[in-house]
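Presented below is the structure to which this report refers.
Just so it is clear, the structure is predicted and the values come from calculations on it, not from any experiment.
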Amino acid sequence: MRLLEELFRRYQLDENRLIPYGFSYADGIYSYERSIRDGAFLLKVEVKNQTIHARLIEVDLEEEYPIDQPSIGEFANTLKEEYKEALKDIRGKCFIRQPFLSPQANRITQAIQKRYDVSPEFLWERFPGCGVFRNQKNQKWFGIIMDVEKKKIVGEDDALVEVMNVYLAEDSLKAIDHHTVYPAYHMGKGNWVSILLDDSSNDDRILSLIDRSFDLIQAKHR
C-alpha cells in the first residue's frame with residue numbers, strides 16, 4: 001500500500017479547512033507547498049475531487065523523490081518521517097477521522113447512532129477496522145463491521161472489503177442471496193450473515209436487516 005493511501009485511508013476531507021490551512025485554489029484544484037529538510041526538498045500537495053495527491057521534489061535535481069520505496073539508511077528514514085509528519089499535520093487540521101473505510105459503512109454507522117444511540121466499539125488493537133455494535137440494555141452484540149479480504153466472502157479478490165455481520169437466527173438462510181448477503185464470516189453461520197458494504201445493496205435493505213438483528217438480540221436476552 002502506498003504511504004499516502006495508508007495515511008489517509010480512514011479520513012474524510014473537510015474542504016472548508018483547506019484555505020485557512022494555507023492551500024490556494026485555482027481551476028478546481030487546491031494546492032499547497034512546504035519545504036522539507038531545510039529547503040532541500042519540496043512537498044507539493046494537491047486536492048482534487050476530494051482526493052489528496054502528494055509529491056516530494058528534490059529541489060537541486062528538480063526530480064520527484066521515490067518516497068514509497070523501502071528506506072535504507074538514516075537519511076532516507078528521517079526524510080520519510082518528515083514527509084509523514086507534514087502530511088499528518090494536514091490530515092489532523094483538514095480531515096475528519098472516519099470509523100470505517102467505505103462510505104456505506106460510515107452511512108450505516110450514522111444511521112445506527114441515530115436509531116439506537118449506539119456507536120461502534122473498537123475492542124481489538126490488532127483489528128482497528130473491526131467495530132462492534134452493542135445493545136445497551138443487555139450489552140449483547142447485534143452487529144459487527146469488519147474489513148476482510150473479499151476472497152474470504154466471495155471470489156478471489158485480495159482487496160479489502162467491509163462487511164457487516166448481523167444476527168438473523170432461523171431467518172439467516174432466507175436472507176442469503178450470494179449477491180450482497182452471504183454466510184457469516186467468522187461467526188456462527190447458522191444464525192449470522194455477512195452483508196457486503198460496497199453499495200451493491202441499498203442502505204434501507206441493510207438497515208432493515210440490522211433492525212431485525214437488534215430486535216432478535218433484545219428478545220433473546222431479556
Side-chain angles (χ1 to χ4, degrees), residues 6-18 20 50 88 91-150 152-153 160-177 179-222:
E6 182 181 349
L7 287 171
F8 287 89
R9 65 196 300 251
R10 294 186 186 276
Y11 290 80
Q12 180 179 346
L13 174 68
D14 183 347
E15 202 167 287
N16 294 325
R17 300 182 184 183
L18 293 175
Q50 296 284 312
K88 284 180 180 178
R91 186 184 71 182
K93 294 173 181 173
C94 301
F95 287 73
I96 300 171
R97 179 71 159 83
Q98 298 293 304
F100 298 107
L101 297 175
S102 69
Q104 186 165 46
N106 288 314
R107 292 196 309 269
I108 294 296
T109 297
Q110 291 171 3
I112 292 173
Q113 290 170 329
K114 185 175 180 180
R115 290 184 188 212
Y116 298 118
D117 194 25
V118 172
S119 296
E121 300 175 38
F122 297 91
L123 304 176
W124 303 283
E125 187 175 344
R126 287 182 55 204
F127 305 105
C130 185
V132 171
F133 296 85
R134 192 190 301 269
N135 185 305
Q136 297 302 301
K137 290 185 178 180
N138 56 32
Q139 299 301 303
K140 301 300 181 181
W141 302 353
F142 65 90
I144 307 164
I145 292 179
M146 62 182 76
D147 51 6
V148 300
E149 293 178 340
K150 191 172 183 179
K152 294 180 178 179
I153 305 297
L160 286 180
V161 64
E162 285 175 321
V163 299
M164 182 159 197
N165 287 356
V166 296
Y167 178 83
L168 298 180
E170 67 273 9
D171 293 334
S172 60
L173 291 178
K174 293 186 236 176
I176 293 170
D177 59 15
H179 174 60
T180 59
V181 182
Y182 294 86
Y185 172 74
H186 207 60
M187 300 288 286
K189 289 181 170 54
N191 295 312
W192 293 75
V193 299
S194 288
I195 310 166
L196 283 179
L197 300 180
D198 61 355
D199 281 304
S200 55
S201 181
N202 65 63
D203 292 2
D204 288 341
R205 180 174 183 240
I206 294 171
L207 289 168
S208 70
L209 294 176
I210 294 169
D211 289 341
R212 179 62 176 156
S213 179
F214 183 92
D215 291 342
L216 287 169
I217 289 294
Q218 183 157 281
K220 181 180 178 182
H221 295 283
R222 278 178 180 164

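Using a 4.5 Å cut-off on side-chain heavy atoms (C-beta onward), V163 and I195 make no contact. Side-chain contact between I206 and Q104 is present, with heavy atoms from C-beta onward closer than 4.5 Å. In this structure, the side chains of M187 and I144 come closer than 4.5 Å at one or more pairs of heavy atoms. Between M146 and N165 the shortest side-chain heavy-atom distance falls below 4.5 Å. Considering only heavy atoms from C-beta on, R107 stays 4.5 Å or farther from S102 through its side chain. Inter-residue side-chain proximity for L7 and F95 is flagged as unmet; no heavy-atom pair is nearer than 4.5 Å. Put simply, the side chain of I176 reaches to within 4.5 Å of the side chain of P183, judged on heavy atoms. Counting heavy atoms from C-beta outward, L123 and C130 have side chains that stay 4.5 Å or more apart.
Residue pairs meeting the side-chain hydrogen bond (donor to acceptor under 3.5 Å, both in side chains) criterion with at least one partner in residues 141-150, sequence neighbours excluded, are R10-D147. For residues 185-213, every residue pair satisfying the ring pair (Phe, Tyr, Trp, His ring centres under 6.0 Å) rule, not counting sequence neighbours, is listed here: Y167-W192.
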>> Determine whether F133 and Y116 satisfy the following criterion, ring pair (Phe, Tyr, Trp, His ring centres under 6.0 Å), listing intermediate values before the conclusion.
In response: CA-CA 10 Å; F133 296 85; Y116 298 118; 9.7 Å; no
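Formation of a donor-acceptor pair under 3.5 Å by the Q139 side chain with backbone atoms of K137 is not found in this model. A donor-acceptor distance shorter than 3.5 angstrom exists from the side chain of S213 to the backbone of F142, with no hydrogens or angles considered.
Taking all atoms of both residues into account, the shortest heavy-atom contact from L13 to C94 is CD1-O, 3.6 Å. Minimum interatomic distance between T180 and S200 (heavy atoms only, all atoms of both residues): CG2-OG, 3.2 Å.
Distance check: E170 CD to N191 CG gives 8.0 Å after rounding to the nearest 0.5 Å. Taking CZ of R97 as the start and CZ of R91 as the end, the distance is 8.0 Å to the nearest 0.5 Å. Note that CG of L197 is 7.5 Å distant from CE of M164, once rounded to the nearest 0.5 Å. For the atom pair L209 CG and S172 OG, the distance stands at 11.0 Å (nearest 0.5 Å). The CD1 atom of I108 sits 5.0 Å away from the CD1 atom of I210 when rounded to the nearest 0.5 Å.
Residues passing the salt bridge (Lys or Arg N to Asp or Glu O under 4.0 Å) test with R205 are D177, sequence neighbours excluded.
Between Q218 and N138, the side chains place no donor N or O within less than 3.5 Å of an acceptor N or O (distance only, hydrogens not considered).
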